[in-house]
Every structure is written in C-alpha cells, then in structure tokens.
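Report on the following structure.
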Amino acid sequence: MRQPAVRLVRLGRVPYAELLGLQDRWLRRLQAEPGTEAPSGTEAGALLLCEPAGPVYTAGLRGGLTPEETARLRALGAEVRVTGRGGLATFHGPGQLLCHPVLDLRRLGLRLRMHVAALEACAVRLCELQGLQGARARSPPYTGVWLDDRKICAIGVRCGRHITSHGLALNCSTDLTWFEHIVPCGLVGTGVTSLSKELQRHVTVDEVMPPFLVAFKEIYKCTLISEDSPN
Amino acid sequence: LVIRLPRSLKVLGLQACPGSWGWVPSGRCARDPLCFRCVSSQRNMITTENGIGTLGISNFAQEALGDVYCSLPEVGTKLNKQDEFGALESVKAASELYSPLSGEVTEINETLGENPGLVNKSCYEVGWLIKMTLSNPSELDELMSEEAYERYIKSTEE
C-alpha cells in the first residue's frame with residue numbers, strides 16, 4: 001500500500017506574514033478539493049517550514065493577549081498577531097523552527113487529537129535525534145513538549161473541513177528573553193528552553209531540519225515531495 | 001478550568017426537548033467524530049411554522065475531544081447548512097463547527113462561559129451549544145437516526 005505523499009515547502013528565513021499567506025493559499029487549495037478518497041499519488045497536503053525573520057507574538061482563538069499587553073509588546077519592536085489556532089499566547093522569532101503542516105486528515109486517516117499527538121511526537125523524536133533525552137509531551141493544558149518544567153516546543157493547531165493549519169514551534173537557538181514579556185501559553189510559573197540551551201552549544205534551525213524531516217516521515221508514515229519553489 | 005470568552009463569542013447549547021431528534025455529521029468525512037444531535041421541539045408542525053432546533057455535540061464527540069472550549073456566533077446570525085458557525089478547542093486544536101441546518105440563531109448557552117465543562121458532563125442536557133429556528137425543516141429528513149449514527153461511529157473506528 002502506497003504511503004500518502006506530502007509536499008515539502010521550505011521557506012527558509014522569512015517574515016511570519018509570508019508563512020501565513022502561503023498557509024492560506026494551501027488551505028484554499030485543499031478545502032476546494034472534493035471527496036474523501038483521493039487517487040493514489042495525490043498529495044495529502046503540504047508541510048510548510050520556516051524560521052521567522054523577526055520577532056512576533058501571536059494569540060490564539062481564545063485570545064491570550066490583552067490590548068495593554070499588545071501595545072507593550074509592539075513597543076518592544078515585535079509584531080503582534082491574532083490567529084485562529086488553539087492555545088493562548090506564544091512567541092515566534094529567529095532561531096525557531098516553525099512547522100505548519102497543512103494536511104487533509106482524511107487522506108492520512110488521522111483524527112485531530114492524533115495529529116496533535118503526532119506533532120508532539122515529532123518534536124520528542126527530533127530531541128532524541130539531537131542527543132537530548134528526557135523530552136516528553138504532556139497532557140492538557142500542558143500540550144507541548146517539555147524537559148522537566150521547561151517547554152522546548154509549543155503546539156497550536158486549527159482544523160476546518162478536516163484540513164489542518166498552524167502547528168508547532170521548536171526552539172533551536174531562539175533568544176528566550178523574548179518569552180519573559182508574556183505568560184507563554186497562559187501557563188504561569190513554567191519556563192521555556194531551547195536545544196541550544198539544553199545541549200550547551202549553538203544549534204541552528206538549518207542543522208535540525210534534516211532530522212526533523214526524518215522524524216516527520218516516520219511518525220506521519222508519509223513521503224515528502226520536494227518542490228523548488230512554493231506554488 | 002474557566003475560559004474567558006471574548007465579547008463577540010457566545011455559547012450555544014442543546015436542550016433536551018420533547019419531539020423527534022436525529023443525528024447529522026458536521027463534515028463530509030466518515031472519520032469526523034464531530035456530529036451533532038439536533039432536537040426539534042416542533043418537528044410535527046413543520047408545515048405550519050418553523051421549528052426550533054437545539055444543537056450540541058454528541059457523547060462520542062465530547063469523549064473524543066476531552067475538555068473543550070467553545071466559541072459561538074451572535075444571536076440573530078443567519079446560517080445556511082454547512083456554514084461555519086463557531087469552533088471547539090481541545091488539546092490546543094481549534095476545530096471549526098459547521099451548521100447541520102439552515103436557520104437563525106435564537107439563543108446560545110451563556111452558562112458555558114462560566115462552566116465550559118458542561119459540554120463534556122452533559123452534552124445532551126444542559127451542555128447544549130445553540131438554539132436556532134429552522135428555515136428549511138426538510139433538512140431534518142437528512143439527519144441520521146440514532147441507530148444509523150451508532151453504525152456510522154463504528155465504521156469510523158476501523
């Protein structure tokens with residue numbers, strides 16, 4: 001039985017807005033396609049990957065940032081955006097691997113909760129492949145991947161008509177001081193960390209990309225098809 | 001856990017009403033667990049006036065989702081069948097909700113703002129989401145019976 005194929009789209013270091021724009025185009029494309037049974041060989045979606053070029057704070061469907069906080073964060077030089085994903089407030093910026101799988105869950109035979117668990121599993125596996133033991137997913141409201149009480153990977157997903165958007169944000173060499181200005185994911189008293197901090201060396205997004213893709217293919221049981229440039 | 005709903009969000013719910021009821025999938029996919037139980041109090045009177053439908057999520061759905069947060073439309077919102085009318089969030093995944101029927105939202109379950117856990121504890125009684133008039137009561141004929149719904153759920157678990 002052939003594995004489903006997912007289009008691999010690596011944006012490199014781009015503004016967050018560019019990732020969102022591309023995500024919207026993929027969403028429209030996938031939501032327009034009819035039927036639950038795709039002919040074999042048709043893609044089950046796209047794996048969008050980037051490293052945010054600048055600092056941006058985002059809120060989720062339930063909010064997570066007051067107008068006062070928003071003003072304060074903008075004054076620091078960061079963008080602030082509201083998204084339709086689950087979860088509360090978080091930060092994205094240089095040094096972070098941002099992964100937005102825009103997937104048709106029907107074609108992958110996945111329930112939404114399984115997709116969230118799979119995203120967590122990708123981050124845990126990536127940590128293992130980088131030589132970092134002890135990373136684990138935690139149950140709600142601590143959805144995400146942790147080392148003790150420090151979060152290394154945040155999760156926030158949206159699903160409409162079985163098509164997912166948003167995804168995970170894994171700290172590779174993120175400047176963690178940006179997180180000090182918010183309560184990440186609304187979880188008071190928890191910390192954040194990165195691969196660089198845990199491994200005590202500079203770990204770049206480029207370095208983790210190949211093992212991350214290996215983990216993704218393994219966990220989602222799919223093949224990844226490259227393209228030279230996004231559609 | 002108490003959620004603070006933004007002002008524009010309202011909660012809709014299901015109320016147990018006398019009358020016939022049916023099940024309808026919110027999406028087009030057999031693996032979608034997010035089905036609604038729709039109870040119409042005036043189904044027998046569809047020839048003379050529109051009935052009121054009460055929507056919520058099924059027990060299967062609330063079990064599949066775990067703790068949920070809801071965002072719902074304004075009273076007065078007009079919905080066509082399959083229009084997006086809100087979202088449920090669980091495990092940091094926000095899922096859009098699609099209306100199984102056409103009509104106008106008449107009431108939303110404000111108590112869910114204080115007590116979102118009602119959706120899990122009592123999805124068929126006080127944990128309802130929205131009430132709406134039915135502008136096209138023949139759409140009720142497209143709902144599944146409880147037996148058909150049970151078969152439908154079993155078929156998704158293969």
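Being a predicted model, the structure only gives us computed values, none of them experimental. Below, chain A is the first sequence line, B the second, and so on; all start at residue 1. Atom set for the values below is all heavy atoms of this structure, side chains included, hydrogens, waters and symmetry mates excluded.
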### Query
chain B contacts: which residues in residues 78-86 of chain A have a non-hydrogen atom closer than 4.5 Å to it?
A:G84, A:R85, A:G86

### Message
Quick check: closest heavy atoms across B:V91 and A:V116, and the distance to 0.1 Å?
### Response
O-CG1, 3.7 Å

### Summary
Closest heavy-atom pair, A:I155 versus B:K92, reported as atoms and distance to 0.1 Å, is O-CD, 3.4 Å

### salt bridge (Lys or Arg N to Asp or Glu O under 4.0 Å) partners of A:E120, counting only residues at least two apart
none

### Task
Output the distance between atom CG (A:L88) and atom CD (B:E89), rounded to the nearest 0.5 Å.
7.0 Å

Donor-acceptor pairs are to be reported for all side-chain atoms of residues 89-100 of chain A against protein atoms at under 3.5 Å, with residues two or more places apart or in another chain.
from: A:H92; atom 1: ND1; to: A:Q96; atom 2: OE1; distance (Å): 2.8
from: A:Q96; atom 1: NE2; to: A:F91; atom 2: O; distance (Å): 3.1
from: A:Q96; atom 1: NE2; to: A:N171; atom 2: OD1; distance (Å): 2.9
from: A:H100; atom 1: ND1; to: A:Q23; atom 2: OE1; distance (Å): 2.7

### Query
Any salt bridge between B:E84 and A:R161, counting N to O under 4.0 Å?
no

## Note on the structure
Rounded to the nearest 0.5 Å, the CD1 atom of A:I163 sits from the CD atom of B:E96 at a distance of 10.5 Å

### For A:E69, salt bridge (Lys or Arg N to Asp or Glu O under 4.0 Å) partners two or more places apart
none

